[in-house]
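All remarks here apply to the structure that follows.
A quick note: this is a predicted structure, and the numbers were derived from the prediction, not measured. Protein chains get the first letters and strands the later ones, always in sequence-line order, with residue 1 at the start of each.
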Number of protein chains: 2
Amino acid sequence: MAVTIKDIARLANVSVTTVSRVINNKPEGVSEETRQKILKLVKELGYQPNAIARGLVTKKTKTIGLIIPDISNPFFPDIARGVEDSAHIYGYNVFLCNTDDNLEKESEYIRALKEKYVDGIIFTSSVPSDYQHIMELVRDGVPIVMMDRRMESEEIYGVFIDNYEGGYLATKHLIDLGHRKIGCITGPLKVKNARERLEGYKRALLDNGIEVDERLIFEGDYKINSGIIGTEKLLNDNKDITAIFACNDLMAYGAYKTIRSYGYKIPDDISVVGFDDILLSQIMEPQLTTIRQPAYDMGLTAARMLIKLIEGKKVSKKIIIFKPQLVIRQSTASVDEGVF
Amino acid sequence: MAVTIKDIARLANVSVTTVSRVINNKPEGVSEETRQKILKLVKELGYQPNAIARGLVTKKTKTIGLIIPDISNPFFPDIARGVEDSAHIYGYNVFLCNTDDNLEKESEYIRALKEKYVDGIIFTSSVPSDYQHIMELVRDGVPIVMMDRRMESEEIYGVFIDNYEGGYLATKHLIDLGHRKIGCITGPLKVKNARERLEGYKRALLDNGIEVDERLIFEGDYKINSGIIGTEKLLNDNKDITAIFACNDLMAYGAYKTIRSYGYKIPDDISVVGFDDILLSQIMEPQLTTIRQPAYDMGLTAARMLIKLIEGKKVSKKIIIFKPQLVIRQSTASVDEGVF
DNA sequence: GTGAAAGCGCTAACAT
DNA sequence: ATGTTAGCGCTTTCAC
């Protein structure tokens with residue numbers, strides 16, 4: 001049997017109230033003498049407060065939930081690490097939940113997290129627009145912060161990256177290099193960030209007097225394989241294509257594979273730009289030019305925001321938007337004019 | 001205010017006991033009629049049991065802790081995913097804890113997890129041999145399962161890979177290809193798995209009549225940079241080296257970089273073998289020959305084992321050892337005899 | 001400065 | 001088949 005507050009109280013000849021005051025560092029109403037006596041006993045007996053009992057009365061558990069699609073997708077570990085680091089600093093623990101973008105699993109996790117009285121939840125999931133269970137959380141007063149997945153509602157706090165600008169930057173970079181026939185392999189278009197990146201791509205084209213050609217757009221799913229297939233389709237349908245913007249690095253890697261198998265060289269024949277800047281992008285050869293998302297910082301920020309919300313502190317902005325950054329490496333080159 | 005068991009009881013004109021019986025699916029002692037009445041109310045009011053209150057009395061929280069060095073190290077996400085999947089199946093949630101192999105952080109997490117009354121803990125950490133706080137957990141009766149980090153104690157459950165055999169396989173493969181001067185970049189030797197891989201390397205050498213040459217061994221730390229530095233040292237000190245066994249894939253990648261910068265070709269001039277088989281190893285060029293660890297399965301297995309322990313079920317084996325597997329890709333080739 | 005008592009929401013003997 | 005009661009370990013009024 002673990003030692004409880006009662007044990008300490010009995011041994012110190014004081015009430016549990018007094019012990020409670022000491023272990024919670026309440027400054028008032030305990031003489032230095034008794035405080036020391038209690039602290040001594042706490043140490044000797046290795047007393048650890050029971051967070052469950054405490055949680056039952058305070059309704060606070062110092063626990064948050066992190067809901068992501070899949071921790072083994074290389075984009076998420078950095079986010080998770082940021083969230084966890086932030087949480088740890090403030091004395092919180094984090095429940096890891098993988099939904100595989102499955103609405104049902106997401107609901108299950110939400111239910112479980114509510115039953116366990118987490119103090120708040122961070123969502124980094126890319127589920128379509130069925131936000132019902134999320135709005136329900138808001139209504140129930142559970143603090144939540146969205147990441148990556150933008151909500152329409154003004155009610156909701158979140159940290160995001162400017163996906164539109166990311167798509168724009170990537171495309172603009174290619175245009176500046178002289179490319180005109182630029183393929184785009186998008187994420188799943190039911191996901192908002194995928195639509196935004198695509199919008200950025202289109203706008204950059206338009207701003208530079210290039211028409212949007214639907215045959216140059218392929219809807220992928222952010223996984224390697226769709227990069228492979230998408231590039232095949234793009235290459236087959238557009239003989240004059242000189243560049244591909246893959247809307248994440250994993251698909252860019254898929255694009256590499258196909259481009260190679262067609263006997264083309266990167267970037268000599270085809271330039272490629274990715275999105276995310278995961279470790280992979282530095283390891284691929286040639287190293288991938290990509291749009292950097294500061295995943296770790298975003299995780300850090302989201303958790304900090306959530307905890308402020310939980311603790312009733314002022315949160316200056318409801319929405320924090322990080323700026324994407326173009327990282328130029330070796331997968332992009334200017335169009336060799338001789339080609340034309 | 002959330003709806004409680006009392007509310008349901010009142011509205012159903014029954015006692016809380018009866019409600020408790022129903023929501024916990026106790027088969028005995030509730031008429032079908034009242035059961036239905038209660039279930040209906042539960043649904044209507046959206047009643048969710050308070051897991052904190054339940055935990056306080058049952059001393060079970062349906063929660064486990066996962067302690068790893070760093071989720072952003074590419075080796076751990078798959079493990080974490082396996083653990084979480086397993087946990088989810090059995091109705092458990094998992095706390096993610098990153099220690100950075102820092103003993104102090106590990107202790108902090110253990111304390112926090114104990115305060116939160118997790119039902120058990122999985123350790124995948126590579127801290128040196130200060131096992132005191134772990135033995136303390138065992139003494140306290142907290143079920144724990146070790147992964148990757150082998151304990152001397154017979155008391156402790158765990159799932160591991162045969163690191164010795166992995167090291168042996170890697171080295172033997174190189175020897176079979178005709179290599180004689182084989183460098184080895186180890187993990188941090190305070191970590192047991194690092195020592196075991198090195199042992200496998202040495203034994204394979206010895207078994208094939210090759211002397212162990214300490215100048216061919218460099219102690220790294222499982223990070224990219226030590227692969228870079230280690231290879232520089234190895235290459236400088238041993239002009240006739242033809243192969244390198246990097247004790248994980250990240251260091252193998254570092255080795256690639258150095259080998260390239262010296263103007264050598266892989267595998268023509270230098271063969272490289274890694275360890276882990278993370279996604280990276282397929283993306284590197286040439287694709288890395290490596291020793292595969294079934295990380296996801298190991299996570300799955302560890303969590304299943306832990307939960308059996310928690311629930312008092314029979315666990316057939318205290319220690320489960322997975323077999324490593326040599327995955328031959330393109331970074332190894334037979335020694336060009338012309339070299340000699 | 002300190003303590004008594006109530007109660008958080010639930011489970012589990014023990015009655016009936 | 002159902003209810004009464006005690007109590008899990010803690011915090012929190014309120015009183016002294």
Side-chain angles (χ1 to χ4, degrees), chain A residues 1-39 41-42 45-63 111-112 114-119 140-141, chain B residues 1-39 41-42 45-63 111-112 114-119 140-141:
Chain A
M1 214 54 246
V3 14
T4 73
I5 199 172
K6 267 188 190 163
D7 300 325
I8 303 287
R10 186 165 28 78
L11 267 44
N13 274 314
V14 297
S15 71
V16 292
T17 312
T18 303
V19 178
S20 175
R21 283 187 184 110
V22 172
I23 61 178
N24 289 297
N25 289 312
K26 306 250 187 204
E28 353 102 22
V30 183
S31 73
E32 194 49 31
E33 191 187 2
T34 41
R35 179 180 300 275
Q36 289 311 327
K37 182 167 56 177
I38 290 168
L39 254 20
L41 281 168
V42 164
L45 305 189
Y47 167 71
Q48 292 189 274
N50 179 329
I52 300 295
R54 177 180 285 164
L56 183 57
V57 11
T58 61
K59 303 279 178 248
K60 293 278 175 239
T61 54
K62 287 277 188 177
T63 295
R111 192 187 39 68
K114 278 177 73 177
E115 290 188 355
K116 288 182 177 166
Y117 274 76
V118 297
D119 296 333
D140 288 0
Chain B
M1 215 55 247
V3 12
T4 75
I5 200 173
K6 268 189 190 163
D7 300 325
I8 304 286
R10 186 164 29 78
L11 266 44
N13 275 314
V14 297
S15 72
V16 292
T17 311
T18 304
V19 179
S20 176
R21 284 187 183 110
V22 172
I23 61 178
N24 289 298
N25 289 313
K26 307 250 185 205
E28 353 103 20
V30 182
S31 73
E32 194 50 31
E33 190 187 4
T34 41
R35 180 180 300 274
Q36 289 311 327
K37 183 167 58 176
I38 289 168
L39 253 20
L41 248 11
V42 164
L45 305 189
Y47 167 72
Q48 292 189 275
N50 179 329
I52 300 296
R54 177 181 286 162
L56 183 57
V57 12
T58 61
K59 303 281 178 243
K60 293 277 173 241
T61 54
K62 287 277 189 177
T63 294
R111 192 186 41 68
K114 279 178 73 177
E115 290 188 355
K116 288 182 178 167
Y117 273 75
V118 296
D119 296 334
D140 288 0

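With a 4.5 Å cut-off on side-chain heavy atoms, A:Asn24 and A:Arg54 count as touching.
Proximity of B:Lys59 to the phosphate of C:dT11: no side-chain N or O atom is located under 4.0 Å from OP1 or OP2. Here B:Asn24 reaches the OP1 or OP2 of C:dT11: one of its side-chain N or O atoms lies under 4.0 Å away.
Distance, B:Arg54 CZ to C:dC10 C1': 8 Å, rounded to whole Å. Per the geometry, NZ belonging to B:Lys6 stands 14 Å off P belonging to C:dA6, to the nearest Å.
Nearest nucleotide to the A:Leu56 side chain, out of D:dG9, C:dA12, D:dT2: D:dG9. Side-chain proximity of A:Val14 to D:dC8, C:dC8, C:dG3: nearest is C:dG3. Considering only side-chain atoms of B:Asn50, the nucleotide from C:dG9, C:dG7, C:dA4 that sits closest is C:dG9.
Residues B:Ser31 and B:Thr34 have side chains that bring a donor and an acceptor to within less than 3.5 angstrom of each other.
Under 4.0 Å is where a charged nitrogen must lie from a carboxylate oxygen, and between B:Asp119 and B:Lys62 no such pair does. A salt bridge does not link B:Lys37 to B:Glu33: none of the charged nitrogens lies less than 4.0 Å from a carboxylate oxygen.
A:Tyr47 comes within 4.0 angstrom of the backbone, heavy atoms only, and of no base.
Judged by distance alone, with hydrogens and angles left aside, B:Thr17 brings a side-chain donor or acceptor within reach of the base of C:dA12, the pair sitting under 3.5 Å.
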